[in-house]
2 protein chains.
Amino acid sequence: MTTHETGSHAAPDSEAADTEARIFEAALRVFARKGKDGARLQEIADEAGIHRPLLHYYFRTKQKLYEAVAAHMFGQFLDSFDAPSHDGPFADVLRAFIDHYVDNIREHQNMAKWMVAENMAGNPFLGERLAAAFETEGSPQRHMEEAILRATERGEIRPVNQKQLMLTIVSACVFFFIQLPTVKMLNPLARDDFDAFVEARKEHVFEVIYYGLASREEVADA
Amino acid sequence: MTTHETGSHAAPDSEAADTEARIFEAALRVFARKGKDGARLQEIADEAGIHRPLLHYYFRTKQKLYEAVAAHMFGQFLDSFDAPSHDGPFADVLRAFIDHYVDNIREHQNMAKWMVAENMAGNPFLGERLAAAFETEGSPQRHMEEAILRATERGEIRPVNQKQLMLTIVSACVFFFIQLPTVKMLNPLARDDFDAFVEARKEHVFEVIYYGLASREEVADA
DNA sequence: GTCTATATCTCGATAGAC
DNA sequence: GTCTATCGAGATATAGAC
């Protein structure tokens, strides 16, 4: 589930559906920025370009609006871990995962912020649901972890704790989106040409994680 | 500045200072969890075990309380990037930085959450101040970046963009603290023995970033 | 479906007794 | 320095005209 289902107020002429969608998208942004309690309905209404009472007309209460937003975000959250399942050289699998994952987060930055806000608030829901998904053998969320296990068993890569590695990859791919204002201050490329920065970041993350920093001769000695 | 300066209400018998400190520490936690707007004075008062009006007695307004908290957090924020300046083999410098940095964030998890909340809200302040610190030659915040540059110039490590690398190291060291509820659900060790998990994580981050994943023979070929 | 007006409630802040 | 009581502002929610 990645798209917001329009409610019972949908109109054929699409004007109403458009208003509802604009409210919903504004809510995605504001809830992501401020969290559930910090968000203000006035701010959502302003960003949607509508008057506040319309918000109640379409979603009745702040609680219900948040629930609709959270359900939407949660669908994107699970989808983001889907890795294309393929079984080539591990370098290719890793590169494809980083590419796919970073692109997904770039498209769903509000979801990433919402996920972080939920965890900072101490809410265990996301962890519980993700753990359940990871326990299901062959689930899309497990493809990457299984690829790591196969690669270590084959000796294709050196032995590594696959949970720690997943955490490192995800951290390197997500954290800079969460910290964008600071990243843009420290890195001119992120400010001037964000897409180019994102592509450079994908390449850097792949190279550091796959090859590491040590000069080749030094690693050969080790 | 890493400790909260007690206000003008300090009493010699330390009862008052104790109450003020308990309010302040509760405020650190609640503002970290919920952000400035999401935090409720009632929640802070409950966590401090006091009645709400006492909060106003010591800090007058929510705004002033937040400013005191933010000043405290900001001091910790700048301190966290201080790297012990030494010039041994890069492997040692990297290991020391990871060790120092992770220990610091473990001791100041509220600061890390606050930093993330500020960035998610779009506040440029942290980025501006950190950028200023990074531009000052020889500042403690720049020691690590300078160590990376020296190591690449010497051929001690392969060529790498030092800003991207700093971002990767910081991401790998901080993100799991921000995502603790999820990490604890996915990783039994993080739940059962958190300190052991943190030590294992330091080691993993060092090894992946320094040596990478590729098997030693494969890297020697590359 | 959208607007104006208003009711209701939560939260921040103050007054005053002790 | 701490409590009870209360005020006033700001936020959510509803009523009713158009």
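In the text below, chain A, chain B and the rest are named by the order of the sequence lines, each starting its count at 1.
- Under the 30°/60° scheme for interplanar angles, the aromatic rings of B/Phe175 and A/Phe175 are found to stand perpendicular.
- The nearest whole Å value for the distance from the OH atom in A/Tyr66 to the C1' atom in D/dT12 is 18 Å.
- Spacing between atom CZ of B/Phe59 and atom P of C/dC11 amounts to 21 Å, rounded to whole angstrom units.
- Distances shorter than 4.0 Å separate none of the side-chain N or O atoms of A/Thr19 from OP1 or OP2 on C/dG1.
- Applying the side-chain hydrogen bond (donor to acceptor under 3.5 Å, both in side chains) test to A/Gln162 and every residue at least two apart in sequence or in another chain returns nothing.
- Taking 4.0 Å as the cut-off between side-chain N and carboxylate O, B/Arg150 and B/Asp87 count as a salt-bridged pair.
- Using cut-offs of 30° and 60° on the angle between ring planes, the pair B/Phe24 and B/Phe59 is parallel.
- Contact check, A/His51 against C/dC3: a side-chain N or O comes under 4.0 Å of OP1 or OP2.
- To the nearest angstrom, P of C/dT4 lies 11 Å from CG of A/Leu54.
- Contact check on A/Arg95 versus A/Glu207 returns no salt bridge, with no Lys/Arg side-chain nitrogen under 4.0 Å from an Asp/Glu carboxylate oxygen.
- Ring-plane geometry between B/Tyr101 and B/Phe81 is classed as tilted, the angle between the planes lying from 30 to 60 degrees on a 0 to 90 degree scale.
- Residues satisfying the side chain to side chain contact (heavy atoms under 4.5 Å, CB included) criterion with B/His100, sequence neighbours excluded, are B/Pro84.
- In this structure, A/Phe197 and A/Phe176 have perpendicular ring planes: the angle between them is above 60°, well past the 30° mark.
- A donor-acceptor contact under 3.5 angstrom links the side chains of A/Thr168 and B/His204, judged on distance only.
- When the P atom of D/dG10 is taken as reference, atom CD1 of A/Ile44 falls 19 Å away, rounded to whole Å.
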Identify each atom pair where a protein N or O and an N or O of nucleotides 16-18 of chain D are less than 3.5 Å apart, giving names and distance.
none

Would you tabulate the pairs of protein nitrogen or oxygen atoms and nucleotide nitrogen or oxygen atoms of nucleotides 12-14 of chain C closer than 3.5 angstrom?
| unit_1 | atom_1 | unit_2 | atom_2 | d |
| --- | --- | --- | --- | --- |
| C/dG12 | OP1 | B/Leu41 | N | 3.4 |
| C/dG12 | OP1 | B/Lys62 | NZ | 3.4 |
| C/dG12 | OP2 | B/Leu41 | N | 3.2 |
| C/dG12 | N7 | B/Arg52 | NH1 | 3.2 |
| C/dA13 | OP2 | B/Lys62 | N | 2.8 |
| C/dA13 | N7 | B/His56 | NE2 | 3.3 |
| C/dT14 | OP1 | B/Arg60 | NH2 | 3.4 |

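- In summary, the side chains of B/Asn119 and A/Thr182 do present a donor paired with an acceptor at a separation below 3.5 Å, with no hydrogens or angles considered.
- B/Glu67 is linked by a side-chain hydrogen bond (donor to acceptor under 3.5 Å, both in side chains) to B/Gln63, counting only residues two or more places apart in sequence or in another chain.
- Comparing the start and finish of the helix from C/dG1-D/dC18 to C/dC18-D/dG1, five pairs each, the helix axis swings through 0°, to the nearest 10 degrees.
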